[in-house]
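In what follows, a single structure is set out as C-alpha cells and then discussed.
Treat the numbers as computed from the prediction; the structure is a model and nothing was measured.
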Amino acid sequence: MTETTLHSSAGSARTDKALFAITGGFIALFCAYALYDIDALSALVDAGFAFSARYFGLYWQVLLLATFLIGLLLCVLPGSKTLMGGLAAPEFKTFSWGAMIMCTLLAGGGVFWAAGEPIAHFVSAPPVFGDLGDDQLARANAALAQSFLHWGFLAWAILGSLTTVMLMHYHYDKGLPLAPRTLLYPLFGERALRGPIGVITDASCVIAVVAGTVGPIGFLGLQMSYGLNALVGVPDNFATQAIAIMALVGLYTVSAITGLAKGIKLLSQFNVILAVVLLIFMLVAGPTTEIFAGFFGGMQVYATYFFDMAMYRGEAGMFGDPGWLGWWTVFFWGWFMGYGPLMAIFIARISRGRSIRQIIIMLSIVAPLITNFWFTIIGGSGIFFEIAEPGVISGPFEGFNLPAGLLAITQAMPMGLILSILFLALTMCFVATTSDSMSYVISTTMTDGEPSTSMRAFWGLAMGVMALILISTGAGGIGKLQSFIVVTAVPVSLILLPSLWDAVRITLMLGREVKTATL
C-alpha cells in the first residue's frame, strides 16, 4: 500500500474509542492530580520509581543486551536479505529514511544530554571504572564511554531492531494491525488482537510514549527560557517557557498533520542538515584533535568495558538499592523501552522495501556510531574546555543544570552567541521531530487506517498542554515525569519480551521460503 493509498483511506478510518478513552483519561487524571497536589503525586511516583528500578532493573539490562546481540545474529541469517513491507524498492530514499530514524532517539534528548551527560560523568566518574584519581584523560574516556553506553548500541537496538521485523511481517504479510498488541500475537494469538489484552497493551505503550515525549517538550521550555535570558535578557519565567512550548506545539502539530511524506520528512531533513552544519563548525573551530582522540579513546573504553557497563549492578546486586544505577542506566533504559513499540511502528511505516539486514544495521550500528560522534563533538568539547580551564563548564553546570551546561559549551566556542542561538533553534526542531513522529504514531495506533487530521492535532496539543501543566507546578514537575517514565516502562518491557525469539523465527522462516522458491 503506497503513501497515496494511505491518505485516500483517511476518511474511512475508525477510532478505537476504548483505547482513546483509557489513554486520554489517564493523562487527564495525571495532570489534574499534579495541579491538585504535586507533593502527593511526587510521593506516589517516587515509590513507583524505587520499585521499578529495584525489581526490574536487572531484567531490563538483560533485555537490552539480548536485543542487541540477537539483532546482530539476524544480520547473518539467510532470511536477512528479505525485503519487508511488500515493496520491491524502498519507499523513501536512504537520506530521508536515515534522517527520520536519526531524529527519533537523538532528537528526544540528544542535545540536552549530549552536553550534560559527558561532563557529569567527567566530574564524578561512573562507579564501574572505580577510582580514576586525577588522570584527566582516563576520566574523559570513561565519561564518554558511559555516555556511549546510554545512547549507543543497546539504546538504539531496543527502539525497533527486533520489533520492527515482527510488525512488518505480521502487518504487511499477514494483515494484522500495525499496533503494539501485535507484538503479543506469538503468545496469545487472536486474544492479543481483540479484547482486553490488546487494549491494555496499546494503552500501556501510548502512555509510556506520552510520558517519554512530554519530558523533552517541558525541558525545551526550560532550556529556551534560560537560554534567551542568558543571551538577550528575556525574563526567565513561566510566560517565556509557555510561549516557547506553544511555538513548539504549533511547529510539530503542523508537521504531524501533513503526514510522513511531507512535514515529518521535511522537518527531519532540515534537522539533520542544520545539525551537520553546526557539528562541522564545532569540529573545525573547536578542539578538533581532542575531539577525534576522545571519540576513539571513548570507543576503545566502550568496547573494552562493554559487557561490564551493560551488566553493572554495583551495590544493587539482584534486588538491592539501585542508587547511581537507578538514576542513570535504569532511567535511560526505561525511557527508551517506553518508546520501543511505537517507534517500531514508525520505523515499520518508513522502512517498506528495506531488508531485515538494512533495518538492523541502520538502527543497531550506524545510528549509534553517529550518535556517539555527536556526543563527542558536543559533550567531548565541554570536557576538553573544562580540562583546559577548570570550572568553565562545571561551574555553570553545578547542580546538574543541563540548560546552563549546553550554553557554557557553545559560548566557549568562537562566535559563541550565534552558535548558542542556532543550537537553541536546533533543539526546538529536534524536539519537534520526536513530537510530530509520536503524535502521528499514537494516532495510527488508535485508528484503523490513516489517522485523521483532528486525531493527530489532538495528541500534539495534549502533550504540549501536559508539559505546560507540569512546568507550572515548578521544575519538580518535569523531574517527577522523568521518574514516571521509568514506572510506565514496566509493562512495556514485558510486551517486548516475545521479540527475542519471534524475530529469529520470522527471519529463519523467510529464509526457508526464499530457498524453496529458488528450487
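- Residues Leu41 and Phe30 have side chains in contact (heavy-atom distance under 4.5 Å, counting atoms from C-beta outward).
- When side chains are defined from C-beta on, Arg349 counts as touching Thr444, because their heavy atoms get closer than 4.5 Å.
- Expressed to the nearest 0.5 Å, how far CG of Leu69 lies from CG of Leu154 amounts to 8.0 Å.
- The two residues Ile356 and Gly79 come nearest to each other via the heavy atoms CD1-O, 3.8 Å.
- With hydrogens and angles ignored, the 3.5 Å screen pairs a side-chain donor or acceptor of Gln61 with a backbone N or O of Tyr312.
- Taking the six-membered ring where tryptophan is involved, the planes of Phe336 and Phe332 are essentially parallel, since the angle between them stays under 30° and well short of 60°.
- Side-chain contact check for Met168 versus Thr164: some heavy-atom pair is nearer than 4.5 Å.
- Pairing each heavy atom of Val249 with each of Leu461, the nearest pair is CG1-CD2, 3.6 Å.
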Checklist entry - Please walk me through it: do Ser493 and Trp60 pass side chain to side chain donor-acceptor pair (under 3.5 Å)? => result CA-CA 7 Å; Ser493 67; Trp60 292 355; 3.0 Å; yes

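- Scanning both residues, Ala489 and Met337, for their nearest heavy atoms gives CB-CE, 4.5 Å.
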Item to check | side chain to side chain contact (heavy atoms under 4.5 Å, CB included) between Phe430 and Leu274, intermediate numbers included | outcome: CA-CA 10 Å; Phe430 255 164; Leu274 178 58; over 6 Å; no

Checklist entry - How far apart are the C-alpha atoms of Trp327 and Phe49, what are their side-chain angles, what is the distance that settles it, and do they pass the ring-ring contact (aromatic ring centres under 6.0 Å, His included) test? => result CA-CA 10 Å; Trp327 289 107; Phe49 174 86; 4.3 Å; yes

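- In this structure, Trp328 has its ring center closer than 6.0 angstrom to the ring center of His121.
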Item to check | Check against side chain to side chain contact (heavy atoms under 4.5 Å, CB included), Trp97 and Ile101 | outcome: CA-CA 6 Å; Trp97 179 59; Ile101 289 176; 3.6 Å; yes

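- Here the closest non-hydrogen pair linking Phe423 and Leu406 is CD2-CD1, 4.3 Å.
- For the pair Met84 and Arg354, the minimum side-chain heavy-atom distance is 4.5 Å or more.
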Checklist entry - Going through the distances and angles, do Ile273 and Phe95 end up as a side chain to side chain contact (heavy atoms under 4.5 Å, CB included)? => result CA-CA 11 Å; Ile273 292 170; Phe95 177 75; 4.3 Å; yes

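- For Tyr185, the ring-ring contact (aromatic ring centres under 6.0 Å, His included) partners at least two apart in sequence or on another chain are Tyr170.
- With hydrogens and angles disregarded, no donor-acceptor distance shorter than 3.5 Å links the side chain of Tyr305 to the backbone of Val128.
- What you find for Phe295 and Leu369 is that their closest heavy atoms are CE1-O, 4.2 Å.
- Taking the six-membered ring where tryptophan is involved, the planes of Phe20 and Phe458 are tilted, since the angle between them lies from 30° to 60°.
- Taking CG from Leu176 and CE from Met166, the interatomic distance works out to 10.0 Å, rounded to the nearest 0.5 Å.
- Rounded to the nearest 0.5 angstrom, Ser483 OG and Leu44 CG are separated by 11.5 Å.
- At least one side-chain heavy atom of Thr376 sits less than 4.5 Å from a side-chain heavy atom of Leu144.
- Minimum heavy-atom separation, Leu510 to Thr82: CB-OG1, 3.7 Å.
- Here the side chain of Ser80 pairs no donor or acceptor atom with the backbone of Arg357 at under 3.5 angstrom.
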For residues 197-222, dump all side-chain donor-acceptor pairs below 3.5 Å to protein atoms at least two apart in sequence or in another chain.
residue: Thr201; atom: OG1; partner: Ile197; partner atom: O; Å: 2.7
residue: Asp202; atom: OD1; partner: Arg181; partner atom: N; Å: 2.9
residue: Asp202; atom: OD2; partner: Arg181; partner atom: NE; Å: 2.7
residue: Asp202; atom: OD2; partner: Arg181; partner atom: NH2; Å: 2.9
residue: Ser204; atom: OG; partner: Ile200; partner atom: O; Å: 2.8
residue: Thr213; atom: OG1; partner: Val209; partner atom: O; Å: 2.8
residue: Thr213; atom: OG1; partner: Tyr339; partner atom: OH; Å: 3.2

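- Residues Thr329 and Trp324 are in side-chain contact: their nearest non-hydrogen atoms beyond the backbone lie under 4.5 Å apart.
- To the nearest 0.5 Å, the span separating CD1 on Ile70 from SG on Cys75 amounts to 12.5 Å.
- Between the side chain of Thr163 and the main chain of Leu159, no donor-acceptor pair closer than 3.5 Å is present.
- Looking at heavy atoms from C-beta onward, Thr23 lies in side-chain contact with Met446 at the 4.5 angstrom threshold.
- Using a 4.5 Å cut-off on side-chain heavy atoms (C-beta onward), Thr445 and Pro180 make contact.
- If you take CD1 on Ile245 and CE on Met463, they are separated by 12.5 Å, rounding to the nearest 0.5 Å.
- Between Phe153 atom CZ and Phe68 atom CZ the span is 5.5 Å, to the nearest 0.5 Å.
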Checklist entry - Step by step, would you call Trp459 with Met438 a side chain to side chain contact (heavy atoms under 4.5 Å, CB included)? => result CA-CA 9 Å; Trp459 283 107; Met438 292 304 98; over 6 Å; no

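- Between Trp335 and Trp151, the ring planes lie perpendicular to each other; the angle is over 60°, past the 30° to 60° tilted range.
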